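What follows is a short report on a single structure.
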Amino acid sequence: MKLLKNITFTLIFLSSFAFVACDEDKFLEEINPNAITTDTFWKSERQFNSALTTVYGALQFQSISGGDLQYEFILGDIAGTESWYRPQAFRNLTFNAGIYHVTDKWNELYVGIFRANQVIQYIQEADDSVFTGDAKNQIEAQARFLRAFFYFQLAHTYGGAVIHDKVAETKEELAKPFSTIEEVTNTIILPDLEFAQSNLPQVWDGVDNGRVTWGAATTLLGKVYLYKKDWPTAATVFKCVIDSDIYSLTRNIRDNFGHENEFNEESIFEVNYSFDLSPGTPGSAVDDTPFQTGAESSTMATAVGQLNYGAFNTIMPTYNLHEMLVNDEVDTENSINDDNVESRRMNATIAVRNMEGTYYTLESSEVKGFGFGQSAYIKKHSNWYHLSAEPALSRSGINFRHMRYADVLLMYAEAVLMANSDYETAIKYIDIVRSRAGVITLQQYMDNNAGMFPQLHVSKQVHGTQPMVAANAETVLTHLQRVERVVELCFEGHRWKDLVRWGIVQEVFDELRADEIWREENKETILNVGSGGVAPLDIVERIRPDFVQSSANYNPAQHNYFPIPNQEVQTNDNLFN
């Protein structure tokens with residue numbers, strides 16, 4: 001667990017009983033009139049807002065919104081690594097209950113839950129007269145949304161959670177049993193989100209920009225129903241977000257992964273970071289100051305950045321992701337394209353050999369380092385667009401977007417597909433996302449191919465062609481699962497949870513492992529060191545074996561969710577009661 005600089009509110013409840021049993025020395029009975037206690041603190045709207053700020057601050061932990069998410073990015077089919085990097089344990093599915101990130105994420109989420117519980121518990125006991133207007137309900141609604149978000153992450157990362165719905169004041173109150181996803185959802189997540197949805201504004205202004213809104217609560221509520229497989233309800237909730245006209249897609253998709261247009265029209269829920277504040281502090285340090293006046297920095301850019309330009313290529317795009325993005329075919333008639341011949345989505349996501357534009361201020365012909373099977377690097381979330389190298393101390397000021405409107409459109413498409421096999425509506429909303437990317441839509445493919453579209457997840461390099469399929473509920477769902485959510489939302493924290501809830505992990509791993517075997521067996525024809533490899537992947541020197549172990553090791557009961565950390569098992573006697 002990382003050290004926390006500001007733990008005043010984390011320790012408030014301890015101060016009330018820390019010395020209860022110590023009556024040996026007279027001075028211990030003295031009361032410090034300047035000490036903050038539960039009796040003196042929870043008395044004003046300002047104090048509740050101060051406490052709420054620490055709940056937001058927990059979002060900035062690196063396992064929740066920062067660079068340590070790389071360990072989850074690499075679990076699925078979007079990222080690979082090398083054997084000498086720490087994420088390899090997650091790529092190969094050899095992680096255990098005592099490993100970093102498994103323990104860090106659990107701890108950090110519970111810090112957020114504890115802080116949220118404080119606000120919720122004490123505000124429900126507070127006198128209404130100390131609040132102005134709707135402040136009381138709005139503060140509680142924010143705390144309850146954040147608690148629901150933390151519990152959603154716990155439930156779908158660990159397969160459940162230990163439920164704490166109030167501040168524990170004794171050791172016995174901390175020792176509770178492990179509850180299932182369904183129990184956590186029904187007991188905490190749904191009631192909290194329903195309260196938040198009813199009491200949060202649609203927008204915040206000025207210095208409050210960045211606080212959670214009605215749209216965030218409604219979007220997460222829809223996602224909860226999607227994960228519960230209550231497709232009709234999920235579709236209805238997502239349609240409320242769409243019909244609200246609060247959100248729209250940015251013209252430039254890159255605005256969702258950089259610092260230049262944060263809290264934009266596509267953003268529904270994002271976590272604020274700052275590069276400029278506390279410049280000598282490493283990005284991994286936590287100071288719990290979430291809003292514009294004091295946000296800490298993130299380690300995300302270094303986690304995904306390219307090796308030769310100041311960061312570490314600890315995770316890299318898989319060949320499958322690389323090939324799908326390179327083949328993301330530009331629609332030359334779409335006005336969103338400004339003479340570009342590469343998909344805007346591809347150019348905002350990965351760096352490849354001979355790409356359009358610059359990379360860390362270098363022209364594509366000047367970019368070096370593609371080698372040893374490393375065919376592409378990640379651009380999303382990195383500072384490639386305005387710096388010549390990732391800065392020292394693993395610092396980045398790029399906000400992390402947990403929810404954006406493109407995801408809502410794709411989740412709505414999934415919900416209507418699953419609710420009533422309405423593939424025509426699903427195509428409509430998938431194509432809204434594809435149009436913003438500037439690529440040929442499914443409808444355009446169908447108009448030009450007698451109602452059929454290509455299976456874009458199939459490797460042209462390996463199979464020579466991408467079979468055409470007729471549009472129906474099954475083929476459109478496959479496209480949504482294997483193509484659209486991958487290329488649009490990769491490295492945003494959704495992929496492993498998607499694969500698990502769809503139950504297709506083994507299928508995907510086996511297919512990509514088969515592609516690796518083909519590449520290895522045919523490397524004499526696809527590797528060409530002298531010319532830098534053969535298009536579309538331009539792989540040089542060797543074939544990177546991303547799925548050799550994960551395809552063989554995968555066991556749903558063992559790997560779909562992280563194990564409960566050893567520390568919880570060792571200290572909670574009631575965990576399995």
Side-chain angles (χ1 to χ4, degrees), residues 52-53 55-62 64-67 69 142 145-146 149 200-217 219-220 241 244 246-279 281 283 286-305 344-345 347-349 378-387 390-391 394-409 433 436-437 488-494:
L52 180 63
T53 296
V55 190
Y56 278 99
L59 292 168
Q60 295 176 323
F61 286 124
Q62 299 305 309
I64 298 176
S65 308
L69 285 176
Q142 291 172 77
F145 168 87
L146 293 169
F149 172 80
L200 287 173
Q202 291 190 336
V203 295
W204 295 92
D205 297 321
V207 295
D208 289 324
N209 189 26
R211 292 180 182 270
V212 295
T213 62
W214 170 89
T219 297
L220 186 53
V241 178
S244 71
I246 301 171
Y247 306 102
S248 60
L249 299 177
T250 60
R251 187 181 191 279
N252 186 349
I253 189 173
R254 199 181 79 191
D255 286 343
N256 297 295
F257 318 123
H259 74 289
E260 294 173 332
N261 189 14
E262 294 175 331
F263 302 112
N264 59 48
E265 62 270 30
E266 188 168 341
S267 174
I268 296 176
F269 176 44
E270 69 181 82
V271 176
N272 194 41
Y273 291 104
S274 172
F275 178 76
D276 300 317
L277 294 164
S278 303
T281 305
V286 175
D287 57 19
D288 298 309
T289 47
F291 297 117
Q292 289 85 337
T293 56
E296 68 180 53
S297 61
S298 169
T299 60
M300 179 66 79
T302 305
V304 302
R344 287 186 174 276
R345 181 160 60 183
N347 193 260
T349 305
I378 299 170
K379 296 170 76 175
K380 187 179 282 191
H381 308 305
S382 74
N383 287 290
W384 69 271
Y385 57 94
H386 71 112
L387 296 180
E390 288 301 333
S394 300
R395 293 177 57 80
S396 171
I398 299 173
N399 289 2
F400 187 78
R401 287 76 165 177
H402 281 285
M403 302 179 199
R404 58 186 179 96
Y405 187 55
D407 189 16
V408 171
L409 296 174
V433 176
R436 189 272 297 275
E488 179 68 28
L489 301 170
C490 58
F491 311 115
E492 296 183 41
H494 309 295

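None of these values were measured; they are calculated from a predicted model.
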Item to complete: Show your reasoning for whether side-chain contact (heavy atoms from CB on, under 4.5 Å) applies to Leu409 and Leu249.
Response: CA-CA 10 Å; Leu409 296 174; Leu249 299 177; 4.1 Å; yes
Item to complete: Mind running side-chain contact (heavy atoms from CB on, under 4.5 Å) on Leu220 and Met403 for me, showing each step along the way?
Response: CA-CA 8 Å; Leu220 186 53; Met403 302 179 199; 3.5 Å; yes
Fill in: Modelled atom types, side-chain donor and acceptor of Thr250 and Arg436, under 3.5 Å
yes
Practice prompt. List the atom of Gly66, the atom of Ser298, and the distance in Å for their closest heavy-atom pair.
Written response: CA-OG, 3.9 Å
Worksheet item: Closest heavy-atom contact between Glu488 and Arg345?
Response: OE1-NH1, 3.1 Å
Worksheet entry | Sub-4.5 Å side-chain heavy-atom contact between Leu52 and Arg211 | yes
Practice prompt. Measure the CD-OG distance between Gln60 and Ser297 for me, rounded to the nearest 0.5 Å.
Written response: 9.0 Å
Worksheet entry | Residue pair Gly67 / Ala303: nearest heavy atoms and the distance that separates them | O-CB, 3.6 Å
Worksheet entry | Matching residue for Phe269 among Phe145, Phe263, Trp214, Tyr247 - test: ring-ring contact (aromatic ring centres under 6.0 Å, His included) | Phe145
Practice prompt. Show your working on side-chain contact (heavy atoms from CB on, under 4.5 Å) between Thr281 and Arg395 and close with a plain yes or no.
Written response: CA-CA 8 Å; Thr281 305; Arg395 293 177 57 80; 4.1 Å; yes
Worksheet entry | Atom pair CZ (Phe491) and NZ (Lys379), whose distance is rounded to the nearest 0.5 Å | 13.0 Å
Worksheet item: Ile398 and Ser382: which non-hydrogen atoms are nearest, and at how many Å?
Response: CD1-O, 3.6 Å
Practice prompt. For Ser394, check side-chain contact (heavy atoms from CB on, under 4.5 Å) against everything at least two apart and list the hits.
Written response: Thr299, Thr302
Worksheet entry | Main-chain N/O of Asn383 paired with Glu390 side-chain donor or acceptor, under 3.5 Å | yes
Worksheet item: Out of curiosity, Ile64 CD1 to Phe400 CZ, how far, rounded to the nearest 0.5 Å?
Response: 11.5 Å
Item to complete: Indicate whether any N or O donor in one side chain lies under 3.5 Å from an N or O acceptor in the other, for Glu265 and Tyr405.
Response: no
Worksheet item: Minimum heavy-atom separation for Ile268 to Thr213, with atom names?
Response: O-OG1, 4.3 Å
Worksheet item: Looking only at atom types and distance, does a side-chain atom of Tyr385 sit under 3.5 Å from a main-chain N or O of Ala348, one as donor and one as acceptor?
Response: no
Worksheet item: For Arg344, does its backbone N or O pair with a side-chain atom of Asn347 as donor and acceptor, under 3.5 Å?
Response: no
Fill in: Rounded distance [0.5 Å steps], OG in Ser65 versus CD in Glu270
10.5 Å
Discussion item. If I take atom CD from residue Glu262 and atom CG from residue Asn209, how far apart are they, to the nearest 0.5 angstrom?
Written reply: 10.0 Å
Worksheet item: Is there side-chain contact between Leu69 and Met300, with heavy atoms separated by less than 4.5 Å?
Response: yes
Fill in: Sidechain N-carboxylate O distance under 4.0 Å for Glu492, Arg404
yes
Worksheet item: Any idea which heavy atoms bring Leu387 and Pro391 closest together, and the distance?
Response: CD1-CD, 3.9 Å
Discussion item. Parallel, tilted or perpendicular: which one describes the rings of His381 and Phe257, with boundaries at 30° and 60°?
Written reply: perpendicular
Practice prompt. Measure the CD-OG distance between Glu296 and Ser274 for me, rounded to the nearest 0.5 Å.
Written response: 10.0 Å
